[in-house]
Participant: 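Let me give you the structure first, and then I'll get to my questions.
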Amino acid sequence: MTPEALKGHLDGLILAVVAEAPAHGYAVVQGLKARSGGTFTLPEGTIYPALHRLEHERFLSSEWTSAEGRQRRVYRVTPRGRAELARHRDDWRVFSAAVESVLA
Amino acid sequence: MIDDLDRRLAAAGIPAGRRRRIVAEFRDHQLCDPEAALGDPGDLARRFADELGTHEARSGAVLGFSVLAFSGLVYAAALAPVVTVIRPGSGGVASHLDVASWASAALAVVLVLAPQVSFVAGILAILRVVRHRDRAAIPAAETRLVIRRGSVAAAAGMLTMAALAASMLLPGGLSPLRSGASPGDTGHALIAAGASLGVAALALVLVRLRVALRIQGALAGGSGWLGDDLAGIVPLAGRLEGWQFAFLTATGAGLLVWVAGLLASDGVDGAMRGGAEAAACLVGYAVLGGYLGLRPAHPS
């Protein structure tokens, strides 16, 4: 699936992955790939502007941790982020039901 | 690739601390998977600049507006004693500003004009922020417009607060506000302290907006103008030209001041003040209209 097709859904997808467990950027990309069965493959660097934006909007928080002898930025979902994720899920249910009813 | 990204982030004006963090995250990603397709460094730097620039401009404008709200309270507290002594036939607020010297006259002019500029520019900045609140990134031209509006609002607000603090601290003959109707010594001290705090906070807002201005987003698109901001809020806004807006606003402001004069039983004085207010609106439009996006950049 192209990055263009993910436009508008990327924030919700990232929040869903990070809500499962705190993760660094690489783990988020791997989580997206795994949970989508390999369908969501986007240029991996594009995940970082989205992570930074979600942090600015206080949907995510982050901190440095030390792993394998190097610094790693780990993100976790804030309560505000969980509310936003719930909103994304509701929107998606409405949207997908509408698309399904038209296409089916 | 990482060094190239670092260079491009620096060229795009991303602040050093943020840049170090981005580079460290990419380096960690590459160490996790040396074959990872991270994307084009130029595209990534542009995306960071577009989103970070939008965020910084937006949050700077919102912070500025919040500080201006506090400044407005300080201003109201200083002016309230002057306003409350208006009685029918007294001639309005300005007659209670003591302009016995050039210094007090200059301060009075600042205290009357600067808050209006600050209020209008602040409202315009917030209008644009609210209009695009759901967008991750807005065109670079719009980001610059938000920064310009926020900066003018903060600078004019700072000037107002500085004039207010000076009015409270200067001896009576040099101050337009230290008449018998003004607060007592404790009131003066509190207002001076509040105004000084306002000056400091607005200076920080200006610094923050200056940092936001250094971030060079690349998202294409025009900056738009006042008509775009008001479309959907004000009927017919989309059909009016810039000068039509200016004349309507000037007429409305002039009428309001005239009506205030009528309520104070001084219609002639109110009409003169209303005319001056309308003229000031038009001069403001002529001087700042292009800079604040009050008229289309390219008239159709």
Side-chain angles (χ1 to χ4, degrees), chain A residues 1-4 6-15 17-18 22-34 38 40-75 84 87-88 91, chain B residues 1-2 4-6 8-9 12 14-15 17-60 62-63 129 132-138 208 212 215 217-219:
Chain A
M1 189 171 277
T2 64
E4 202 57 31
L6 285 178
K7 207 174 180 181
H9 303 295
L10 186 59
D11 290 3
L13 295 171
I14 291 172
L15 287 172
V17 170
V18 182
H24 61 290
Y26 178 73
V28 173
V29 172
Q30 295 309 306
L32 276 174
K33 276 184 193 167
F40 297 156
T41 52
L42 63 167
E44 296 182 18
T46 57
I47 208 81
Y48 291 99
L51 285 168
H52 283 233
R53 186 183 65 251
L54 289 168
E55 189 180 6
H56 283 142
E57 291 169 2
R58 292 180 286 127
F59 296 141
L60 296 177
S61 62
S62 72
E63 61 185 350
W64 288 113
T65 60
S66 196
E68 297 160 31
R70 59 180 186 264
Q71 289 265 289
R72 171 169 287 171
R73 194 81 182 181
V74 172
Y75 295 85
E84 179 69 3
R87 191 187 67 77
H88 275 286
D91 286 352
Chain B
M1 181 273 173
I2 303 288
D4 191 14
L5 176 64
D6 192 20
R8 287 171 187 269
L9 289 169
I14 305 294
R18 173 71 51 179
R19 210 169 66 230
R20 278 195 295 274
R21 175 177 155 184
I22 294 168
V23 167
E25 287 187 278
F26 273 82
R27 193 159 277 143
D28 179 49
H29 194 118
Q30 209 168 46
L31 287 168
C32 288
D33 178 7
E35 303 301 316
L38 288 169
D40 177 64
D43 288 342
L44 289 167
R46 275 191 293 277
R47 192 173 294 214
F48 270 112
D50 287 333
E51 296 194 359
L52 193 62
T54 298
H55 169 78
E56 290 297 320
R58 202 179 266 163
S59 57
V62 170
L63 178 67
V129 167
H132 292 319
R133 63 190 177 281
D134 293 328
R135 288 174 61 178
I138 59 176
R208 180 158 187 177
I215 300 173
L219 200 59

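Convention: sequence-line order gives letters A, B, ...; per-chain numbering from 1. All values below come from the heavy atoms of this structure, side chains included, with hydrogens, waters and symmetry mates left out.
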Participant: Residues two or more places apart in sequence or in another chain: which of them pass salt bridge (charged side-chain N to carboxylate O under 4.0 Å, His left out) with A:Arg53?
Facilitator: A:Asp11, B:Glu51

Participant: Report the option among B:Ala36, B:Ala137, B:Ser59, B:Gly39 that has the most heavy-atom pairs separated by less than 4.5 Å from atoms of chain A.
Facilitator: B:Ala36

Participant: Answer with side chain, backbone, both or neither: which region of B:Leu5 has an atom nearer than 4.5 Å to a non-hydrogen atom of chain A?
Facilitator: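 For B:Leu5, there is no contact with chain A at all, as no heavy atom is under 4.5 Å.
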
Participant: With rounding to the nearest 0.5 angstrom, report the NE2 to CZ distance, B:His29 to A:Arg72.
Facilitator: 10.5 Å

Participant: For B:Leu44 and A:Thr46, which heavy atoms make the closest approach, and how far apart are they?
Facilitator: CD2-N, 3.7 Å

Participant: Please round to the nearest 0.5 Å and tell me the distance separating atom CD of A:Glu44 and atom SG of B:Cys32.
Facilitator: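 Result: 10.0 Å between the selected atoms.
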
Participant: Let me know if A:Ala50 has heavy atoms under 4.5 Å from chain B in its side chain, its backbone, both or neither.
Facilitator: backbone

Participant: Is chain A contacted by the side chain of B:His55, its backbone, both, or neither, given a heavy-atom distance below 4.5 Å?
Facilitator: side chain

Participant: Are any of the side-chain nitrogens in A:Arg73 or B:Asp28 under 4.0 Å away from the carboxylate oxygens of its partner?
Facilitator: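 Salt bridge flag = no for B:Asp28 with A:Arg73.
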
Participant: Other residues, nucleotides and ligands only: do more than 12 of their heavy atoms fall within 6.0 Å of CZ on A:Arg58?
Facilitator: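 At most 12 heavy atoms, drawn from other residues, nucleotides or ligands, come within 6.0 Å of this atom.
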
Participant: Measuring from B:Leu31:CG to A:Tyr26:OH, what's the distance to the nearest 0.5 Å?
Facilitator: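 Separation between the atoms: 11.5 Å.
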
Participant: Can you give the donor-acceptor pairs under 3.5 Å from side chains of residues 18-26 of chain B to other protein atoms, not counting sequence neighbours?
Facilitator:
{"residue": "B:Arg18", "atom": "NH1", "partner": "A:His52", "partner atom": "ND1", "Å": "2.9"}
{"residue": "B:Arg18", "atom": "NH2", "partner": "A:His56", "partner atom": "NE2", "Å": "3.3"}
{"residue": "B:Arg19", "atom": "NE", "partner": "B:Asp6", "partner atom": "OD1", "Å": "3.2"}
{"residue": "B:Arg19", "atom": "NH1", "partner": "B:Ile14", "partner atom": "O", "Å": "3.4"}
{"residue": "B:Arg21", "atom": "NH1", "partner": "A:Glu55", "partner atom": "OE1", "Å": "3.1"}
{"residue": "B:Arg21", "atom": "NH2", "partner": "A:Glu55", "partner atom": "OE1", "Å": "2.5"}
{"residue": "B:Arg21", "atom": "NH2", "partner": "A:Tyr75", "partner atom": "OH", "Å": "3.0"}
{"residue": "B:Glu25", "atom": "OE1", "partner": "A:His52", "partner atom": "NE2", "Å": "2.6"}
{"residue": "B:Glu25", "atom": "OE1", "partner": "A:Tyr75", "partner atom": "OH", "Å": "3.3"}
{"residue": "B:Glu25", "atom": "OE2", "partner": "A:Tyr75", "partner atom": "OH", "Å": "2.6"}

